[in-house]
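Only heavy atoms go into these numbers, but all of them, side chains included; no hydrogens, no water, no symmetry mates. Treat the numbers as computed from the prediction; the structure is a model and nothing was measured.
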Amino acid sequence: MKYFYNPPLIIKKIFSDFIWETYNDQILLTFDDGPTVESTELILKLLDDRNLHAVFFCVGNNIKLKTQLAKLIIQSGHTLANHTFNHAVLTNLDKLLVSAEIDAFNYFVNDNLNYSVKYFRPPHGKFNFRIKRILKQKNLTNVMWSLLTYDYKNDFNIVKYSIDKYLKANSIIVFHDSIKSAAIIRQSLDYLFEAVERKGFTIGEPEECLKH
């Protein structure tokens, strides 16, 4: 298969109201699919050791099953964001089901964590114009990426390649808080931190990176 570490420029132009890169030339760390017993606490520790914060695009059902881990993400100063309630492929759903997936997440998080969600990312990165309109109606900002690490393939060499080739000063990087990437997440993050330092870049605060 052909890997798209950095999405095609034409897609970014068509969906220019989505966030594809940071606005302050700093790097934004993001983690999809959690929380999980296998990875969340380790990721939080690795970030805390460096006084770094990230955006966690969580799945609502995972939050329901692991509510304490979701609370820990928030308590640790990170940003919790919507990745749908069931990790649904939204392009396969009609308008009502798309709205239900998004709303179910926001309602659960608001009711159980007293947390207001501002950011969204579609599972598998799949979206269309209908989803764009729905997000605008719900006042959610869609945060995509400029560097996909493919860490879920559980192959550190792929992660290393993606960082070496595509890391830029304004990168939004996708890692995964999941069972699939758990075995290499420490190695992957350690390598990223080394690469950032080596290239003279800075990892920024989520709100500052996404402010526009």
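For the pair Leu210 and Thr79, the minimum side-chain heavy-atom distance is 4.5 Å or more. Residues Phe193 and Ile203 meet the side-chain proximity criterion, which asks for heavy atoms closer than 4.5 Å. A heavy-atom distance below 4.5 Å is not found between the side chains of Leu147 and Val174. A 4.5 Å side-chain heavy-atom check between Ile134 and Lys138 finds at least one atom pair inside the cut-off. Looking at Lys211 and Tyr23, their side chains never come closer than 4.5 Å, going by heavy atoms from C-beta outward. Looking at Val55 and Val143, their side chains never come closer than 4.5 Å, going by heavy atoms from C-beta outward. Residues Pro206 and Leu28 have side chains in contact (heavy-atom distance under 4.5 Å, counting atoms from C-beta outward). Taking 4.5 Å as the limit, some side-chain heavy atom of Leu80 sits within range of a side-chain heavy atom of Ile63.
Taking hydrophobic clusters as Ile, Leu, Val, Met, Phe, Trp and Tyr residues chained together by side-chain heavy-atom distances below 4.5 Å, Met144 shares a cluster with Ile10. Tyr119 is not connected to Val59 by any chain of hydrophobic side-chain contacts under 4.5 Å among Ile, Leu, Val, Met, Phe, Trp and Tyr, and they are in different clusters. Following chains of ILVMFWY side-chain contacts shorter than 4.5 Å, one can reach Phe18 starting from Phe129, so the two form part of one hydrophobic cluster. In the hydrophobic clustering of ILVMFWY residues, with side-chain heavy atoms under 4.5 Å counting as a link, Ile14 and Leu90 come out together. By the criterion of side-chain heavy atoms lying less than 4.5 angstrom apart, applied directly or through intervening Ile, Leu, Val, Met, Phe, Trp or Tyr residues, Leu140 is grouped together with Leu97 in one hydrophobic cluster.
Taking the centre of each ring, Phe85 and Phe105 stay at or above the 6.0 Å mark. Taking the six-membered ring where the residue is Trp, the centroids of Tyr152 and Phe175 are separated by 6.0 Å or more. Between Phe31 and Phe57, the distance from one ring center to the other does not fall under 6.0 angstrom. Between Tyr161 and Tyr150, the distance separating the two ring centers is not shorter than 6.0 angstrom.
In summary, the side chains of Asn62 and Asp33 do not present any donor paired with an acceptor at a separation below 3.5 Å, with no hydrogens or angles considered. Remark: the Asp151 side chain and the Ser188 side chain contain no N/O donor-acceptor pair separated by less than 3.5 Å. Judged by distance alone, the side chains of Thr91 and Asn128 never bring a donor and an acceptor atom under 3.5 Å apart. Side-chain contact check for Asn170 and Gln26: no donor-acceptor pair (N or O, by modelled atom type) lies under 3.5 Å.
The backbone N or O of Ile172 sits less than 3.5 Å from a side-chain atom of Ser146, completing a donor-acceptor pair.
One finds no salt bridge joining Glu194 and Lys199 here, because no Lys/Arg side-chain nitrogen approaches an Asp/Glu carboxylate oxygen to under 4.0 Å. Ionic pairing of Asp94 and Arg130 is not present here: no N-O contact between side-chain nitrogen and carboxylate oxygen is shorter than 4.0 angstrom. The residues Arg198 and Asp164 are annotated as salt-bridged, a charged nitrogen and a carboxylate oxygen being separated by less than 4.0 angstrom. Of the charged side-chain nitrogens involved, at least one lies within less than 4.0 Å of a carboxylate oxygen, so that Asp49 and Lys45 count as a salt-bridged pair.
Rounding to the nearest 0.5 Å places OH of Tyr166 at 13.5 Å from OG1 of Thr149. Note that the CG atom of Leu189 and the CD1 atom of Ile184 stand 9.5 Å from one another [nearest 0.5 Å]. Between Arg121 atom CZ and Cys58 atom SG the span is 11.5 Å, to the nearest 0.5 Å. Going from atom CG of Leu192 over to atom CD of Gln187 covers 13.0 Å, rounded to the nearest 0.5 Å.
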Apply side chain to side chain contact (heavy atoms under 4.5 Å, CB included) to Ile102 and Ile131, showing your working. CA-CA 10 Å; Ile102 296 170; Ile131 293 165; 5.5 Å; no
From CA spacing to verdict: side chain to side chain contact (heavy atoms under 4.5 Å, CB included), Lys132, Asp17: CA-CA 9 Å; Lys132 172 183 174 178; Asp17 56 332; 3.1 Å; yes
For Ile185 and Leu42, what are the C-alpha separation, side-chain angles and deciding distance, and is it a side chain to side chain contact (heavy atoms under 4.5 Å, CB included)? CA-CA 9 Å; Ile185 193 63; Leu42 172 59; 3.7 Å; yes
Trace of the salt bridge (Lys or Arg N to Asp or Glu O under 4.0 Å) decision for Lys66 with Glu41: CA-CA 12 Å; Lys66 302 290 184 294; Glu41 289 185 285; over 6 Å; no
Run the side chain to side chain contact (heavy atoms under 4.5 Å, CB included) check on Phe15 and Phe127 step by step: do they pass? CA-CA 10 Å; Phe15 293 89; Phe127 56 85; 3.5 Å; yes
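For the pair Leu69 and Pro35, the tightest heavy-atom approach, listed with the atom from each and the gap, is CB-CB, 3.7 Å.
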